[in-house]
Amino acid sequence: MKEMIRENDERQNQDMDLDNVTKFLQGKTILVTGATGFLAKVFIEKILRLQLNVNKLYLLLRTSNDKFAAQRLKDEIISTELFRILRDKWGSNFDALISSKVIAVEGDISSENLGLEDSKLREELRKEIEIVVNSAATTSFNERYDVALGINTFGAFNVLNFGKKCDKIKLFLHISTAYVCGEKADMILEKRFYMGETLKGTHSINIFEEKRTMEEQLAQLQYHGAPDKAIKSSMKEFGLERAKLNGWPNTYVFTKAMGEMLLGHFKGDLPLVIIRPTMIASTYKQPFPGWIEGVRTFDSFIVSYGKGKLTCFPANPNTIIDVIPVDMVVNAMVVAMKVHYAERQHACQTIYHVSSSFRNPLTLSDLRNLFHCYFIRNPWIDANGLRVKVGQLTFFSKVNRFLLLMQLKYVLPLKVLYLANILCCQRFKKIYKNLNRKINFIIQLVKLYEPYTFFLGSFNDENLVELQRVAEEQGIDLVEFNFDCRSIEWEEYMTNIHIPGLLKYGIKS
């Protein structure tokens, strides 16, 4: 195995002079949390494609459905289409090379010591790890409050505490979201949160007290024997209530903001880099264009529209829909690792918006026109083999107008169906329940997305531009590590890369 790796390294040296980042990664040991997530997978693939002689990539994976971590590594990461370039390059050596470099570690960031019960493994990790990349998160806007706090807030805190105990630790890189800004308008700066800061500006939040409040709420529900479904619903509502009380529009961004606060306050002299991407989309260039996993954020609107199920929606057509390809986010992550590694003397904390709204804006109106043109040329084929015809998507300038339309067109007829169901001895019960569920889902979706379909902010990325300048000074190849959003040609990207990739890779058949 060592001989195989050495031969590969020699070929790399013969083919090209190693880039500074490639040299930097040689021999490094990196811990990655949230490794089955979309962004983390692209990051892992990039590291392996750049530098086979990375020492180790430890991937922290929760076991689920009786699957062991190693099985999840194989099924959910290595076997994906994303790794086909490496699979083709390494051929029959692929599995052996992966097993020598990528180690699945069973754990859970919501637990102390990351749930690592094997003390021998825990100590081994603490002796070897030099860089921690925390990309674990629950991204549902209305996640259960206990779950979101456990992962997005205190999960990040647990990973930091583990990282600080590692003997060789030189950098903590945390993935957040640009939307921790809440519903701010105008220019949004790459600015840190301070402990207890709220967006209301009227009071301070005690994060540890917030956790106690959540635990009391959960305990009360359990004490009164509430069924699991009721507990889930109540904890979701509680999370939204707490978020809005403190100035954030949903549980996701609220708990991510509190996670940033804990990291910034307790990091000590450990260099901390916080990457705040906007809406992450499919790969632009690497390892190949268009790869995506699942239907993400604005993609649900594209798919619903293509299927002919979405004809109108409340939104400001001038709102900038801030989209960034996933490989650009990964490129920024890797370059930031190189630049900020071992900056202890500065007690560094740096925040990067990886975004497009400031330097290369794409409005909702632009996006609507692009996916309209795409589905006119490439109509969706329905289950009966027929082409779906689409018209131009209508935007409602006020949410209330859209909800009034829903009431008149769907809710009132549904009430008639409800009465008919009672008169006909529950004959229409199944139809009523199905329609009621769909209508409630749309109304809930509208309310959750309202802060983003009417968003009036633009993300300043001066720190990211400075990172690009420093990278250039250090001789880093900014073609290989492109994260300049100005290079994105939106019509080309959306119609020839993103939407075809979404339909090919994102939608499970």
Sort and list the pairs that fulfil salt bridge (Lys or Arg N to Asp or Glu O under 4.0 Å) and have at least one residue in residues 274-291, not counting sequence neighbours.
Glu260-Arg276

Side chain Thr22, main chain Gln51, donor-acceptor under 3.5 Å:
no

Contact check, side chains of Asn331 and Gln286, non-hydrogen atoms, under 4.5 Å:
yes

Under 3.5 Å, side chain of Thr283 to main-chain N/O of Asp327, donor-acceptor pair present?
no

Sequence neighbours excluded, which residues qualify as side chain to side chain donor-acceptor pair (under 3.5 Å) partners of Tyr252?
none

For residues Val334 and Leu50, determine if any side-chain heavy atom of one lies less than 4.5 Å from a side-chain heavy atom of the other.
yes

Would you say that Leu48 contacts Trp90 through its side chain, given a criterion of any heavy-atom pair below 4.5 Å between the two side chains?
yes

With heavy-atom distances below 4.5 Å as the criterion, would you say the side chains of Leu272 and His340 are in contact?
no

Please step through ring pair (Phe, Tyr, Trp, His ring centres under 6.0 Å) for the pair Tyr449 and Phe301, ending with a clear verdict.
CA-CA 11 Å; Tyr449 276 93; Phe301 296 97; 5.2 Å; yes

So, do Phe83 and Pro287 sit near enough that their side-chain heavy atoms are less than 4.5 Å apart?
no

Applying side-chain contact (heavy atoms from CB on, under 4.5 Å) to Asn246 and Leu199, what does each step give before you reach the verdict?
CA-CA 6 Å; Asn246 290 285; Leu199 295 183; over 6 Å; no

Return yes if a side-chain donor-acceptor contact under 3.5 Å exists between Trp490 and Asn360, otherwise no.
yes

Ile47 vs Val32 side-chain heavy atoms within contact, under 4.5 Å:
no

Under the salt bridge (Lys or Arg N to Asp or Glu O under 4.0 Å) definition, can you give me all pairs with a residue in residues 301-310, not counting sequence neighbours?
none

Could you tell me how the ring of Tyr284 sits relative to the ring of Tyr493: parallel (under 30°), tilted (30 to 60°) or perpendicular (over 60°)?
perpendicular

Between Asn250 and Tyr452, is any side-chain donor less than 3.5 angstrom from a side-chain acceptor?
yes

Restricting to pairs with a member in residues 377-400, which pass ring-ring contact (aromatic ring centres under 6.0 Å, His included), not counting sequence neighbours?
Phe396-Phe402

Are the side chains of Ile205 and Phe254 in touch, meaning some heavy atoms are under 4.5 Å apart?
yes

Just by modelled atom types, is the Ile78 backbone N or O under 3.5 Å from a matching donor or acceptor in the Arg87 side chain?
yes

Can you tell me how far OG1 of Thr495 sits from CG of Asn378, rounded to the nearest 0.5 angstrom?
9.0 Å

With sequence neighbours excluded, what pairs up with Ser79 under the side chain to side chain donor-acceptor pair (under 3.5 Å) test?
none

Any pair counted as side-chain hydrogen bond (donor to acceptor under 3.5 Å, both in side chains), so long as it reaches residues 182-192, sequence neighbours left out:
none

Going by the ring-ring contact (aromatic ring centres under 6.0 Å, His included) test, name the single residue among Phe298, Tyr374, Tyr505 that passes it with His498.
Phe298

If you take all heavy atoms of Lys200 and Leu245, which pair is closest and at what distance?
NZ-O, 3.3 Å

Less than 3.5 Å apart, any donor N or O on the side chain of Asn134 or Thr33 sitting next to an acceptor on the other?
yes

What residues form a ring pair (Phe, Tyr, Trp, His ring centres under 6.0 Å) with Phe483, not counting sequence neighbours?
none

Who passes side chain to side chain donor-acceptor pair (under 3.5 Å) against Glu293, sequence neighbours left out?
Lys41

Taking only residues two or more places apart in sequence or in another chain, which ones pass side chain to side chain donor-acceptor pair (under 3.5 Å) with Glu45?
Arg49

What salt bridge (Lys or Arg N to Asp or Glu O under 4.0 Å) pairs are there with at least one residue in residues 451-467, not counting sequence neighbours?
Arg359-Asp461, Glu466-Arg469

Do the side chain of Arg72 and the main chain of Arg62 share a donor and acceptor less than 3.5 angstrom apart?
yes

What pair of heavy atoms forms the shortest contact from Ile151 to Thr138, and how long is it?
CG2-N, 3.9 Å

Residue pairs passing the side-chain hydrogen bond (donor to acceptor under 3.5 Å, both in side chains) test with at least one member in residues 312-322, sequence neighbours excluded, are Thr278-Asp322, Asp322-Ser356, Asp322-Ser357

Can you name the nearest heavy-atom pair linking Ile275 to Leu173, along with the distance?
CG1-CD2, 4.1 Å

Considering all heavy atoms of both residues, which atom of Phe358 and which atom of Asn460 are nearest to each other, and what is their separation?
CE2-ND2, 4.2 Å

Rounded at 0.5 Å granularity, tell me how far CG in Leu149 sits from CD in Glu143.
10.5 Å

Quick one: do His353 and Ile188 satisfy side-chain contact (heavy atoms from CB on, under 4.5 Å)? Show the steps, please.
CA-CA 9 Å; His353 282 155; Ile188 299 157; 4.1 Å; yes

Which residues satisfy the ring pair (Phe, Tyr, Trp, His ring centres under 6.0 Å) test with His174, sequence neighbours excluded?
none

Report the relative orientation of the aromatic rings in Phe238 and Tyr145; use parallel for angles under 30°, tilted for 30 to 60°, perpendicular for over 60°.
perpendicular

Is the cationic atom of Lys256 (NZ for Lys, CZ for Arg) positioned less than 6.0 Å from the six-membered ring centroid of Tyr179 and within 45 degrees of its normal?
no

Within the structure provided, determine whether Met494 and Val323 are in side-chain contact (heavy-atom separation under 4.5 Å).
yes

